[in-house]
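Below: one structure, written as structure tokens.
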Amino acid sequence: MTLDSKIPAGPLANKWTSHKVNSKLINPANKRKYKIIVVGSGLAGGSAAATLSELGYQVECFCYQDSPRRAHSIAAQGGINAAKNYQNDGDSVYRLFYDTIKGGDFRSREANVHRLAEVSTEIIDQCVAQGVPFAREYGGLLDNRSFGGAQVKRTFYARGQTGQQLLIGCYQALEKEIQKGGVKMHPRTEMLDLVVVDGHAKGIVVRNLTTGEITTHAADAVILATGGYGNVFYLSTNAMGCNVMAAFRAHKRGAFFANPCYTQIHPTCIPVSGDYQSKLTLMSESLRNDGRIWVPKSAEDAQAIREGKKTAAEIPEDERDYYLERKYPSFGNLSPRDISSRSAKEVCDEGRGVASTGLGVFLDFADAIKRDGEDAIRARYGNLFQMYEKISGDDPYQVPMKIYPAVHYTMGGLWVDYNLMSNLPGLHVLGEANFSDHGANRLGASALMQGLADGYFVIPSTIAVYLAEQKPGAVTTSHPAFKEAENSVRDRLKSLMDIKGTRSVDSFHRELGLLIWDKCGMARDREGLEEALRRIPEIRNEFWTNVRIPGSANGLNAELEKAGRVADFLEFAEVLCYDALNREESCGGHFRSEHQFTEADPEVQDGRTQPGEAKRHDDQFQYVAAWEHTAPGQAPVLHKEELVFEEVKPSIRSYK
Amino acid sequence: MSHLNLTLKVWRQDNATSEGRIETYEAKEIPTSASFLEMIDIVNERLIRDGEEPIHFDHDCREGICGMCSMTINGIPHSKERGITTCQLHMRKFKDGDTIWIEPFRANAFPVVKDLVVDRSAFDRIIAAGGYISVRTGSAPDAHAIPVPKSDADAAFDAAACIGCGACVAACKNASAMLFVSAKASHLNHLPQGEVEKDQRVLNMVRQMDAEGFGNCTNQFECEAVCPKEISAQHIAKLNRDYLAASAREAVAP
Amino acid sequence: MSALTNSLGSFIKSSIGRKIIVAVTGLALVLFLAGHLTGNLLIYAGQEAFDEYAHFLHTFLHGTGVWIARLGLLVCFGAHLWFTILLTRENKAARKGYAHQATVQAPKSSLIMIWSGLTILAFVIFHLLHFTVRTDAELAKIGAESPWKMVIIGFQNPLVSLFYIIAMTLLCSHLAHGVASIFQTLGLRSNRTAGPIRIFAKAYAAVIYFGFISIPLAILFGYGSDAVK
């Protein structure tokens, strides 16, 4: 099967405009005859549901939370990029496009990324009109800050709660449409399967989480905006409920899963403090502007710190290893996310970690406080220091923070074409759930941009391309495919309830997470991945024979909900590892230890990069890896979409 | 790492229609570095092992922003610590041997779904009644077309920080939703973009609030004391003022 | 016209509308208290001044003034009472209590508003029968001659004074929260004014309290006893 990305012809800058001009439209009187299902109510799903309803479509929106306002987009802190050039510092649509392509390590589609940059400006207009309280200057105009991977100030922000404010704007628009009757909202409802009729996605099977009732819903098209799969690692900065189920159910029904090995590890999170830990908390990357990262030079000192026999202050200056400053003198503590994360792992692997678990490095503000004074540091990071103290109990003004990398975002997702439609006709995928715009690595403040671009501006236009070919309401839930899907869902729930084993769902999730973090986390190699691929089926088998789910399926049952999600993670993890194994190169969030620059490489000798950096193999791997599900426990089949760069020439990402 | 042995008094209720009761659990060997919800995770893990049903509670982001976690700890929503949600509470705030009472958010407008889980959809219906600015996607003017004074933008933000958790209602002796409603009205009414629909917004939101069966504000300000985002009750004063003005304008409208 | 009555109807039915009515009627009663206290304090100016003041009240606008004022007060008092009872019933219906109760910052006075209010109601009824309607024939006779003497003799009864002081204590509590609440409910409280409003409300309650209770206390300690022997 060939994957047709349906990228419009013509010059890059005109593709989106000409695509909109050349695409079929559905007249307003006919729009109301079409029904669209939207799963997920975060930035992508919520904005899509609201906008499609404004256009006149009938929308049914589903989310597992008790309110659409709680989707995990809400937790994004930093900001949202847009090529407004309000700062007059040389920004442009092209520059945002270029930065995003380069930031993605040349593994994303030029046409999608350019469209993203184009619509970024409209997002800001839309959000301001909705009442999103972005930071402003005294003149009443919008303020911007700069973010990693860019040399211009193009990030709009609302204190440290940009995601929350954008999501609330989107949620309000959604509630407005719910009131008008255009959207029917189903909170506390989880999608458990996709219904495919004659090769087209035409509906879903859901479980009402409060009553346990299973129902089917038919529509002319289905949109998944169900976020990423970071929780396959168990510990991540994702919300507890984030899961891969909707995407994975679609995958099992025929949708291809693209580039799952591109996972982003954020370098500055609060370290794990014990095996009961449920979640990791991100500390803003901005801390690295003033904090110095170090560990002791000797493993003995590190051990003494871990055991509480020594404090950081007792380690003399010449016994400290400021490893980022040492290895990357020009970027130092501000080295990119992947580099910083991997370096922390290396020093901890050497036994020089300082947190009680051995996994943690110091982020020290002592020098900054000495230089600028405590008040200046408080003004810059007061709320972050407070948050750190609440969680860790340590006062960062007195003792260095401890940080460690954590899974944060997943660039991979269901494969989609330029219209955001997967290879399964009718199934559209938005936001973090698709693979399309960030390549192998996402830049800061770009996730919010992509979610809203997809929902507000892309899908409302591109979904008509599919719908125009469909007779509205042609498929109803009376089609046998619905009964078949519903029965398979019921069987699966029954099987889970009937196991009645001895171990909790969380214990399996934790075991899987540790394995994946270990073997398919910050650095991967063939041996580890092969071992993971051996171990995953073992864990899965034990899960299906020994998990214990108390209570009944007829009502609220958190354990049953988790069990369904973990069961899918146990299958999905294999796809992740197969992809990581297949991609014999290092790029962005995917680092294969076998593929890094060494002193022997000419690129190192001529100074373009340095040893230890990620080494891409454009000649072999300049493609999107889209995986097709075969059978449970069997390797998925790889399909390739070659990436063609017409505008940008792939080069080495250099941080020197 | 030090550990605590605690006694939990937890509200258990099978479903919305059944009678609830307080059950007692021993929480042994709880690490002080665990969060409050992780403490319940540990207790639940043991309940599951012993073949009992775990304690159900709402939670999601576990970083204090989604507003999902909703329990009353020793009579105070999100505990007596100021400016945090339950998920941000850590066990080092407790002492060995403590008895901790854990109950759902209490309000008749928030019916209990199960154990500590309550239904807060009344809040969504209040927002749907008017807590928005009607702007169709794509119809917005340039973001810089209307400058907003920084003080107004900041005031709007202070109100917009609301996470819709419902602690204000749960803490109020009258189960009033005034802090929630006023925060949303104040957020939008402070901005020039929200000016056009201001009167209708206030009238409709307050009518919906009343219809949901929340109580009335008696100016005791328990709400602002427990608000994890420390939203001020001055927004309630503004809502009262805006409501009075909107009612007057509605009464004399041509 | 029907649009207007509809608007007023929904205002009166709404929680905020009812609270505003309570606040406005409360404000009228608070202002009345200030006037009443000022008049009462004339008791220290001596029999003549006090009796003259009483006479003025009864003859103002050929005797209709006092009835206009009484009617106004009755409406305010009645509305204040009626709407607070409605609101309190709604409040009770809105929530079940916690097994483990706690209060964070609500002052005690704010928690007992309905009880302090109902006590004041009982007191007002007694007070009107005592000094206005004058159900005690002997006291009525003295009152017709000199209201000043009537007050002195009335308060020489320790039980009457004790009830009076208890009622004033609850009135003080009621005002400490109520006066501040007027500002909040009428939308006049902000971050800047919150502090001054709180202090003003407490100070006002204290002035009213000490002003009123000074009279029975002074009389119990012998003020005016010579004149009424």
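Letters A, B, ... mirror the listed sequences (proteins, then strands); counts begin at 1.
Only the side chain of B:Glu45 comes within contact range of chain A, judged by heavy atoms closer than 4.5 Å. With a threshold of 4.5 angstrom between heavy atoms, B:His190 does not approach chain A through any atom at all. For B:His56, the part lying near chain A is the side chain, with the backbone staying farther off; criterion is any non-hydrogen pair under 4.5 Å. In this structure, chain B has no heavy atom under 4.5 Å from any part of A:Ile178. Only the side chain of B:Asp41 comes within contact range of chain A, with at least one heavy atom under 4.5 Å from a heavy atom of that chain. If you measure heavy-atom distances from B:Ile48 to chain A, the contacts under 4.5 Å come from both the backbone and the side chain. Proximity to chain B (any heavy atom under 4.5 Å) is shown, for A:Gln65, by both the backbone and the side chain. Of the two parts of A:Phe457, only the side chain, counted from C-beta on, holds a non-hydrogen atom closer than 4.5 Å to a non-hydrogen atom of chain B. Neither the backbone nor the side chain of B:Ser151 comes within less than 4.5 Å of any heavy atom in chain A. Contacts between A:Ser392 and chain B at a heavy-atom distance below 4.5 Å involve the backbone alone (N, CA, C, O). When heavy atoms are compared at a cutoff of 4.5 Å, B:Phe123 approaches chain A solely by way of its backbone atoms N, CA, C and O. Only the backbone of A:Glu137 comes within contact range of chain B, judged by heavy atoms closer than 4.5 Å. Proximity to chain A is limited to the backbone of B:Ile146, based on heavy atoms less than 4.5 angstrom apart. Neither the backbone nor the side chain of A:Arg503 comes within less than 4.5 Å of any heavy atom of chain B. Heavy atoms of B:Asp50 lying under 4.5 Å from chain A belong exclusively to its backbone. With a 4.5 angstrom heavy-atom cutoff, A:Glu122 does not touch chain B via any of its atoms. For A:Asp66, the parts lying near chain B are the backbone and the side chain together; criterion is any non-hydrogen pair under 4.5 Å. Heavy-atom distances place the backbone of B:Glu52, and not its side chain, under 4.5 Å from chain A. Only the side chain of B:Val113 comes within contact range of chain A, with at least one heavy atom under 4.5 Å from a heavy atom of that chain. Contacts between B:Arg92 and chain A at a heavy-atom distance below 4.5 Å involve the side chain alone, from C-beta outward.
Highest contact tally toward chain A, considering only B:Asn15, B:Leu47, B:Ile127, B:Leu191, is held by B:Ile127 [criterion: heavy-atom pairs under 4.5 Å]. The greatest number of non-hydrogen atom pairs below 4.5 Å with chain B, out of A:Ser504, A:Ala71, A:Pro187, is found for A:Ser504. When the candidates B:Ala16, B:Ala161, B:Ser121, B:Ser35 are compared by the number of heavy-atom contacts under 4.5 Å with chain A, B:Ala161 comes out ahead. Options A:Thr237, A:Leu141, A:Thr51, A:Val128 differ in how many heavy-atom pairs under 4.5 Å they form with chain B, and the most are formed by A:Leu141. For chain A, the option among B:Glu81, B:Gln88, B:His187 with the highest count of heavy-atom pairs below 4.5 Å is B:His187. Counting heavy-atom pairs closer than 4.5 Å to chain B, the top residue among A:Arg69, A:Gln386, A:Gln164, A:Arg70 is A:Arg70. Most heavy-atom pairs under 4.5 Å with chain A: of the set B:Leu89, B:Asp152, B:Asp119, B:Asp60, this distinction falls to B:Asp60. Listed options B:Arg136, B:His59, B:Glu53, B:Met39 were ranked by heavy-atom pairs under 4.5 angstrom with chain A; first place goes to B:Arg136. Interface check for chain B: of the options A:Met185, A:Lys500, A:Arg188, the most heavy-atom pairs under 4.5 Å are formed by A:Arg188. Ranked by heavy-atom pairs shorter than 4.5 Å toward chain A, the options B:Gln193, B:Glu38, B:Lys184 are led by B:Glu38. With respect to chain B, the highest number of heavy-atom pairs below 4.5 Å among A:Tyr86, A:Tyr64, A:Tyr138 belongs to A:Tyr86.
Atom NZ of B:Lys150 sits in a crowded spot, with more than 12 heavy atoms from other residues, nucleotides or ligands closer than 6.0 Å. Counting heavy-atom neighbours within 6.0 Å of B:Lys93 NZ, excluding the residue itself, gives a total of 12 or less.
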query: Could you walk me through whether B:His3 and B:Ile30 pass the side chain to side chain contact (heavy atoms under 4.5 Å, CB included) check?
result: CA-CA 5 Å; B:His3 289 78; B:Ile30 302 296; over 6 Å; no
query: What do the steps show when you test B:Cys69 against B:Phe36 for side chain to side chain contact (heavy atoms under 4.5 Å, CB included), and what is the final call?
result: CA-CA 11 Å; B:Cys69 57; B:Phe36 194 83; over 6 Å; no
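Taking the centre of each ring, B:His78 and B:Phe105 come in below the 6.0 Å mark. Note: B:Phe214 and B:Phe110 meet the aromatic proximity criterion, with ring centroids under 6.0 Å apart.
No salt bridge links B:Arg82 with B:Glu230; every basic N to acidic carboxylate O contact stays at or beyond 4.0 Å. Ion pairing between a basic and an acidic side chain is recognised when a charged N comes within 4.0 Å of a carboxylate O; B:Asp142 and A:Lys84 show such pairing. A salt bridge between A:Arg510 and A:Asp275 is absent, with no side-chain N of the basic residue lying under 4.0 Å from a carboxylate O of the acidic one. Salt-bridge check for B:Lys114 with B:Asp58: failed, with every basic side-chain N at 4.0 Å or more from each acidic carboxylate O. One finds a salt bridge joining B:Arg12 and B:Asp115 here, because a Lys/Arg side-chain nitrogen approaches an Asp/Glu carboxylate oxygen to under 4.0 Å. The pair A:Lys176-A:Glu54 counts as a salt bridge, with a side-chain nitrogen and a carboxylate oxygen less than 4.0 angstrom apart.
Across B:Pro228 and B:Thr85, no two heavy atoms sit closer than the pair CB-CG2, 3.6 Å. Taking all atoms of both residues into account, the shortest heavy-atom contact from A:Cys61 to A:Ser41 is SG-CB, 4.2 Å. Closest of all the heavy-atom pairs between B:Asn189 and B:Asp242 is ND2-OD2, 3.1 Å. In terms of heavy atoms, B:Val112 sits closest to B:Arg106 at CG2-NH1, 3.9 Å.
Side-chain contact of A:Tyr234 with A:Ser278: a donor-acceptor pair under 3.5 Å is absent, judged by distance alone.
With rounding to the nearest 0.5 Å, the separation of CD1 in A:Ile270 from NZ in A:Lys402 is 11.5 Å.
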